[in-house]
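In what follows, a single structure is set out as structure tokens and then discussed.
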Amino acid sequence: MTAWLATLLRPGTGALRDSQPQNVNYAVKSSLLLSFLESVPEVDAKLKPANTADEKFEDVVKSAQDAAVLVLVY
């Protein structure tokens, strides 16, 4: 069985007034994210099929780097 997670990082301000800023991390199960993305026809048409082939570690790292994005929200 293979499990996938999509992670979201959000900078936080810390729990205490004078504390150092902290990152707040979230994880979303990929099956839930995929269901959400497939519900939008414009996005569903652009999704690539899952790659289930065995790959070398370096190729997996490259694929993950190519798939990662940074979203800035103000």
Partners of L37 by side chain to side chain contact (heavy atoms under 4.5 Å, CB included), sequence neighbours excluded?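 Result, side chain to side chain contact (heavy atoms under 4.5 Å, CB included) vs L37: L33, V43, L47.
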Sorted by chain and residue number, the side chain to side chain contact (heavy atoms under 4.5 Å, CB included) partners of K48 (sequence neighbours excluded) come out as none
Residues which pass side-chain hydrogen bond (donor to acceptor under 3.5 Å, both in side chains) with E38, listed by chain and number, not counting sequence neighbours: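 Per chain and number, E38 pairs via side-chain hydrogen bond (donor to acceptor under 3.5 Å, both in side chains) with no residue.
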Which donor-acceptor pairs under 3.5 Å do the side chains of residues 56-65 make with protein atoms, sequence neighbours left out?
from	atom 1	to	atom 2	distance (Å)
K62	NZ	D66	OD1	2.9
K62	NZ	D66	OD2	3.4
S63	OG	D59	O	3.1

Please find the pair of heavy atoms, one from S39 and one from P41, that lie closest to each other, and give the distance.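 Nearest pair, atom of S39 first, then P41: O-CD, 3.4 Å.
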